[in-house]
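Every heavy atom of this structure was used, including side-chain atoms; hydrogens, water molecules and symmetry mates were not.
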Amino acid sequence: MSPPMAPAGWSRWLVPPAALSVHLSIGQAYAWSVFKPPLESALGLSGTQSALPFQLGIVMLGLSAAFGGTLVERHGPRWAMTVALVCFSSGFLLSALGAAVEQYWLIVLGYGFVGGIGLGIGYISPVSTLIKWFPDRPGMATGIAIMGFGGGALIASPWSAQMLESFGSDSSGIALAFLVHGLTYAVFMLLGVLLVRVPRPKEGADGTPAALDGVQVSARDAVRTPQFWLLWIVLCMNVTAGIGILEKAAPMITDFFADTSTPVTATAAAGFVALLSAANMAGRLGWSTASDLIGRKNIYRVYLGVGALMYTLIALFGDTSKPLFVLCALVVLSFYGGGFATAPAYLKDLFGTYQVGAIHGRLLTAWSTAGVLGPLIVNWIADRQEDAGRHGPSLYGLSFVIMIGLLAVGFVANELIRPVHARHHRPAPAQKEAADVPRQQPESA
C-alpha cells in the first residue's frame with residue numbers, strides 16, 4: 001500500500017484528526033485497571049496475574065514499534081493504521097472468546113500479544129507524518145496526536161464500567177464488553193485510515209526533491225549514539241514511574257482510603273481512572289507544546305524532578321487527604337503523558353526528520369521495559385505486603401520509594417544528553433557526490 005499523497009491545497013490540520021481516531025482507540029489500554037477487579041473475581045486471579053495482559057500489551061507495543069518502525073517509514077501511515085486496526089480489534093475479539101470460555105490464556109494472547117502489536121504500529125503510525133507536516137511546531141503536532149492515546153481511557157474507563165454494570169461482571173459480561181470494544185474501535189479507526197495523507201516532497205529549483213535541512217541521522221546510526229540510549233533511560237524511568245500508578249489506579253485509591261470514614265466506591269475509583277486519563281491527555285498536549293518554547297531538556301527536568309517530589313508527597317501524606325493524593329497523582333500522570341509526547345520532538349532535535357519514525361519505534365522499547373517494571377514493582381510488592389497481613393497505604397510505600405529513585409536516575413541521564421557528533425550525520429547530497437568522485441591522481445614527472 002503506497003502512502004496516500006496529499007493533493008494540492010490539502011490542509012495539514014486534517015492530519016491530526018486522522019491520528020486522533022487511531023490514538024483515541026488504542027488509548028483504551030490505559031483503562032485496563034477497570035477490568036482488573038472483575039477478572040480477578042470471575043477467574044480467581046491475583047493482582048499480578050490480572051496485570052499480565054496489560055504488561056504484555058505494552059511489551060508488544062515497544063517491540064512491534066521497534067521492528068515495524070522502518071516498515072511504517074517505507075509503506076506510510078495508511079498501511080500502518082490498517083495493520084493497527086486489524087490487530088487491535090482482533091485482540092479484543094480473541095479476549096471476548098477467552099472470557100466466554102473462561103480461558104485466561106486467550107485473553108493474554110488476544111489483548112496482550114495480538115492487541116499489543118496493534119498498539120505499537122498504531123502508536124507510531126502518524127508520528128513522522130505529523131513532524132513532516134508541522135516542522136515549525138513538532139512538539140505541538142505530536143502532542144495533539146499522542147494526546148489521543150492518553151485520553152483514550154477518558155472515554156473507555158466510564159464506558160467500560162457502564163458496560164460491566166449493564167452486562168454483569170461475570171465472565172459472560174466481560175466477554176460481551178470485550179466484543180463491543182473490538183467492533184466499535186474497528187469502525188472508529190477506519191476513519192483515520194481513510195483520512196490520512198502525507199505531504200508532497202519539496203522540490204529544488206531543478207525539480208528534484210530538496211535535501212532535508214539540518215542534522216540528519218539514520219535509524220541504524222542513531223542507535224549507536226550515547227544520546228539515543230540516554231534518552232531511552234530518560235523515557236523508561238519516566239514511564240515506569242507513571243505506569244506504576246496508572247495500571248493499578250482503581251484498586252490503589254480504594255486501598256489508600258479503605259479504613260477512613262469515607263471509603264472510595266468502585267464508581268468513584270473508575271472516575272479517578274478517568275481523571276488520570278484527562279491529566280495524561282492534557283499533559284501530552286500542554287507540556288509538549290511548552291517544550292517548543294523552553295526546550296526539550298528543560299521540560300524533562302520538570303517531568304523528572306517535580307515528579308519525584310509528587311511521589312514523595314504521596315508517600316508521606318497521601319492517606320491523610322484525598323485532594324492531595326488525587327492532585328499529586330494527576331501531576332505525575334501529566335508528566336507521564338508529556339514525556340511520551342515530547343520524545344518524538346526530542347528525537348527530531350537530536351537526529352533530524354530523515355528516519356524519525358523508525359528511531360521513535362526503537363526508542364519505544366523503553367516503554368516495553370517500563371510496561372513490565374512499573375506494574376511488576378507495584379503489584380508484586382503489594383501482593384507480598386498483603387500476604388504479610390498489611391493493608392491500606394502500607395501496600396505501596398516501598399514501591400513509591402523505588403519510583404523516586406528511578407526518576408532521579410532519569411534526571412541524571414537527561415543532564416548528560418549533548419548534540420550528536422558530526423560523524424553520525426548523513427552527508428548532504430552535494431557532499432556525497434563530491435565524496436563519490438574519485439580523486440585525480442597527479443601525473444608522474
Quick one: does Ile381's side chain get under 4.5 Å of Ile402's, heavy atoms only? yes

Looking at every non-hydrogen atom in both residues, tell me the closest pair between Ala308 and Ile404 and how far apart they are. O-CG1, 3.9 Å

Below 4.5 Å, heavy atoms only, C-beta onward: do Ile359 and Leu350 meet side chain to side chain? no

Under a 3.5 Å distance rule, please check whether Gln55 uses its side chain to pair with a backbone N or O of Val372 as donor and acceptor. yes

Approximate separation, where rounding is to 0.5 Å, of Asn414 CG and Leu235 CG: 11.5 Å

Would you confirm whether His360, through its side chain, and Ala65, through its main-chain N or O, come within 3.5 Å as a donor-acceptor pair? no

Would you say the side chains of Arg296 and Thr342 form a donor-acceptor pair under 3.5 Å? no

Phe88 and Leu119: CA distance, side-chain angles, deciding distance, side-chain contact (heavy atoms from CB on, under 4.5 Å) verdict: CA-CA 7 Å; Phe88 189 65; Leu119 289 178; 3.8 Å; yes

If you look at every heavy atom in Pro138 and Lys348, which pair is closest and at what distance? CG-CD, 4.3 Å

Gln227 side-chain N/O to Pro419 backbone N/O, donor-acceptor pair under 3.5 Å: yes

Are Tyr185 and Phe188 close enough that their ring centers fall under 6.0 Å? no

What distance separates Ser33 OG from Ile245 CD1, expressed to the nearest 0.5 Å? 12.0 Å

Expected output: side-chain Ser288 to main-chain Leu285 donor-acceptor under 3.5 Å: yes

Does Trp287 use its side chain to pair, donor to acceptor, with the backbone of Ala341 at less than 3.5 Å? no

Measure the shortest side-chain to side-chain distance between Met252 and Phe272 over non-hydrogen atoms and say whether it is less than 4.5 angstrom. no

Is it the case that the side chain of Asn379 and the backbone of Pro375 share a donor-acceptor pair, with hydrogens and angles ignored and the cut-off at 3.5 Å? yes

Starting at NZ of Lys297, measure out to CG of Leu416 and round the result to the nearest 0.5 Å. 7.5 Å

Contact check, side chains of Trp13 and Phe134, non-hydrogen atoms, under 4.5 Å: yes

Between the side chains of Glu73 and Lys132, is the shortest nitrogen-to-carboxylate-oxygen separation below 4.0 Å, so that they form an ion pair? yes

Check: Asn280 main-chain N/O paired with Ser334 side-chain donor or acceptor under 3.5 Å: no

Gap separating the CZ atom of Phe228 from the CG atom of Asp221, nearest 0.5 angstrom: 12.5 Å

Given Trp367, which of Tyr123, Trp232, Tyr336 fulfils the ring pair (Phe, Tyr, Trp, His ring centres under 6.0 Å) condition? Tyr123

Specify whether His75 and Trp79 have parallel, tilted or perpendicular ring planes, treating 30° as the upper limit for parallel and 60° as the lower limit for perpendicular. tilted

Pair Arg284-Phe149, side-chain contact (heavy atoms from CB on, under 4.5 Å): steps then yes or no: CA-CA 9 Å; Arg284 288 168 189 250; Phe149 193 92; 3.8 Å; yes

Of Trp32, Tyr104, Phe54, which is the lone residue that meets ring pair (Phe, Tyr, Trp, His ring centres under 6.0 Å) with Tyr111? Trp32

Please walk me through it: do Ile107 and Leu43 pass side-chain contact (heavy atoms from CB on, under 4.5 Å)? CA-CA 11 Å; Ile107 299 177; Leu43 302 180; 4.2 Å; yes

Considering all heavy atoms of both residues, which atom of Val114 and which atom of Leu94 are nearest to each other, and what is their separation? CG2-CD1, 4.0 Å

Would you check if the side chain of Arg78 reaches a backbone N or O of Val193 as a donor-acceptor pair within less than 3.5 Å? yes

Heavy-atom side-chain proximity of Arg137 to Thr289 below 4.5 angstrom: no

Provide the closest heavy-atom pair for Gly139 versus Asp292 in the form atom of the first, atom of the second, distance. N-OD1, 3.1 Å

When every non-hydrogen atom of Ala177 is compared with those of Leu164, the smallest separation belongs to CB-CD2, 4.4 Å

In terms of heavy-atom contacts, Ile124 and Gly69 come closest through CD1-CA, 3.6 Å

Does atom CZ of Arg220 have more than 12 heavy-atom neighbours, drawn from other residues, nucleotides or ligands, at distances under 6.0 Å? no

I'd like to know if the side chain of Arg418 and the backbone of Glu415 have a donor-acceptor N/O pair within less than 3.5 Å. yes

Do you know which of Ser25, Ser160, Ser89 makes side chain to side chain donor-acceptor pair (under 3.5 Å) with His181? Ser160

Quick one: do Phe256 and Thr254 satisfy side-chain contact (heavy atoms from CB on, under 4.5 Å)? Show the steps, please. CA-CA 6 Å; Phe256 252 78; Thr254 303; over 6 Å; no

Gap between atom CG of Leu309 and atom CG of Leu304 - 0.5 Å precision: 13.0 Å

Less than 4.5 Å apart, any side-chain heavy atom of Trp10 and any of Val15? yes

Would you check if Ile144 and Leu130 make a side-chain contact, meaning some heavy-atom pair closer than 4.5 Å? no

Check whether any side-chain heavy atom of Ile314 sits under 4.5 Å from a side-chain heavy atom of Tyr396, and report yes or no. no

To the nearest 0.5 Å, how far apart are CG in Leu63 and OG1 in Thr365? 8.0 Å

